[in-house]
Amino acid sequence: MTYQSPISPGYSWYEATVGERPEYPALDGDVSADVVIIGGGYTGLSAAVHLAKAGTNVVLIEAHRFGDGASGRNGGQLGTGQRAGPEEMEQELGFTRAKALFDLAEEAKAHLLEFASTNRIEIDFRPGHLNVTHKARELPDYSKYAEAAARFGYPHISVMDAAETAERIGSTHYVGGVRDAGAGHIHPMKLLVGTARVAAEAGARLHERTPATGIAAKGNKVRVTTPRGTIIADKCLIATNAYGNDLEPESAAHIMPIGSFIGATVPLGADSPVLPGGESVSDSRFVVRYFRRAPSGELLFGGREIYAVKDPSDIHVHIRRQIVETYPALKDVEITHGWGGYVGITVPRKPFVREVMPNVISAGGYSGHGVMLANFVGKLYAETVAGNRDRLKLFEELKIPAFPGGRRFRSPMLFLALSWFALRDRF
């Protein structure tokens, strides 16, 4: 019987192609640790790996199965720099701080690929990424982006005109953009399953189907309760991102979950004009569309939507509509898988990293840039536990306001905002 995630709709192409997906036992009984990690996505599992390899006694709990959340169901794209562009970051923070954050993100990208190679995790990496627009008035912004990246010492971005864009995408839907030869895309579930394996081999105690029901800091200890046991630790990392609900109010106020949905087609064949160079693509819409071809030829096409999806079969309908806008010839292509999940965003689309109570750090809100950043923040947290907080501080010092409206009204306000931006994307 096919496993169905209890928190995310649909059965993903990633689940169908990941191969072995080991299970880990639920926590049963009271335990103690140096560090307890809540959340088994990229951030939590990466932190567990680096902590355990340093000799730290670490326990990690995940409410469901590893991969049920965004880390196992995302678009698989490795971007460049932070989610906000280098020109935007420089204007807000000044060159020195913006460059430090840009360099940190580039180190994150290199670290992910090195980590996978060193630990024998086959993540199906393919190089190249296209960022494109369907609006001619936005083209000057792409030139500014390429110039700012070059100023930051990143030479891999080139501006594309309409002809090159059409050739590389295999469609005339977009009028221009940039090509990033230093970015790329991966199979996210393979990375997640492999990271969990490495963490377990390093000695981390991993527990699936173990939700945290409460967290409290008392004196110099942190107490995390679960349905069948309590964990007492010196430190805690909250790494639930979009799936934290109301476990901790500070995180809930700053990280908002929004739905993101993807469809996978049958393999298109080697002679297909769709993405002949194998790059991944994201566009300039506020409600962004992102797509790529898997090494085996399938088109994986995603787009964030503002509606709730109750029936997973509905995903196919909405994704097909978006595919056809870009590739009219694929109007009858078979969509074999449709799935969704939730992306954690912040108001300024920058990561939220903060000490939310004594000895408890929360990290999330990667805003669609989490494949590399989430993994690296886990590593930086391990550095912090070892006594070097300087690099994590670069994220902690970012000004991340809470979402307006409080718990009661923030979701309706976000719905209205996304509806407005989705409407604006059409013009």
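Because the structure is predicted, anything quoted here is derived from the model rather than measured.
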[X] side-chain N/O to [Y] backbone N/O, donor-acceptor pair under 3.5 Å:
X      : Y      : result
Thr226 : Thr210 : no
His50  : Tyr381 : no
Thr213 : Thr225 : yes
Arg292 : Gly75  : yes
Arg65  : Pro22  : yes
Arg120 : Ser117 : no
Arg73  : Gly340 : yes
Gln322 : Val324 : no
Ser367 : Gly365 : yes
Tyr342 : Ile7   : no

Problem set entry | Whether over 12 other heavy atoms sit under 6.0 Å from Glu167 CD |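 Atom CD in Glu167 is not crowded, with 12 or fewer foreign heavy atoms closer than 6.0 Å.
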Exercise. Crowded around Arg223 CZ? As in, over 12 foreign heavy atoms under 6.0 Å?
Worked result: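 Counting neighbours around CZ of Arg223, 12 or fewer heavy atoms of other residues, nucleotides or ligands fall under 6.0 Å, so no.
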[atom1]/[X] to [atom2]/[Y] distance, rounded to the nearest 0.5 angstrom?
X      : Y      : atom1 : atom2 : value
Ile323 : Phe301 : CD1   : CZ    : 6.0 Å
Asn131 : Asp283 : CG    : CG    : 8.0 Å
Leu398 : Leu93  : CG    : CG    : 6.5 Å
Asn74  : Ile262 : CG    : CD1   : 6.5 Å

For this session: Please state whether the rings of Phe291 and Tyr174 are parallel, tilted or perpendicular, taking 30° and 60° as the class boundaries.
Result: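 Taking Tyr174 first and then Phe291, their aromatic rings lie parallel (interplane angle under 30°).
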Exercise. With under 30° as parallel and over 60° as perpendicular, where do the rings of His337 and Tyr11 fit, or are they tilted in between?
Worked result: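 His337 and Tyr11: tilted rings.
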Please determine whether a side-chain nitrogen of the Lys or Arg among [X] and [Y] lies less than 4.0 Å from a carboxylate oxygen of the Asp or Glu.
X      : Y      : answer
Arg349 : Glu88  : no
Glu92  : Arg97  : no
Glu147 : Lys144 : no
Glu164 : Arg179 : no
Arg321 : Glu325 : no

If we only count heavy atoms from C-beta on, is the [X] to [Y] side-chain gap below 4.5 Å?
X      : Y      : answer
Pro295 : Arg126 : yes
Phe102 : Arg151 : no
Glu87  : Asp141 : no
Ser284 : Tyr142 : yes
Leu268 : Leu275 : no
Val281 : Thr326 : no
Trp339 : Ser8   : no
Leu78  : Leu113 : yes

Closest approach of [X] to [Y] (non-hydrogen atoms, all atoms of both residues):
X      : Y      : answer
Ala33  : Val59  : CB-CG2, 3.8 Å
Ser280 : His129 : OG-ND1, 2.7 Å
Glu208 : Phe66  : OE2-N, 2.9 Å

For this session: Please name the residue in the list Asn241, Thr346, Thr43 that meets the side-chain hydrogen bond (donor to acceptor under 3.5 Å, both in side chains) test with Tyr366.
Result: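 Going through Asn241, Thr346, Thr43 one by one, the side-chain hydrogen bond (donor to acceptor under 3.5 Å, both in side chains) with Tyr366 is satisfied by Thr43 alone.
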Problem set entry | Contacts of Glu201 that satisfy side chain to side chain donor-acceptor pair (under 3.5 Å) - sequence neighbours left out |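 Glu201: side chain to side chain donor-acceptor pair (under 3.5 Å) contacts with Arg197.
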Exercise. Between the side chains of Tyr154 and Asp180, is a donor N or O closer than 3.5 angstrom to an acceptor N or O?
Worked result: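 Note: Tyr154 and Asp180 side chains meet the donor-acceptor criterion.
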Problem set entry | Working for side chain to side chain donor-acceptor pair (under 3.5 Å), residues Tyr145 and Thr80 | CA-CA 11 Å; Tyr145 172 74; Thr80 288; 5.1 Å; no
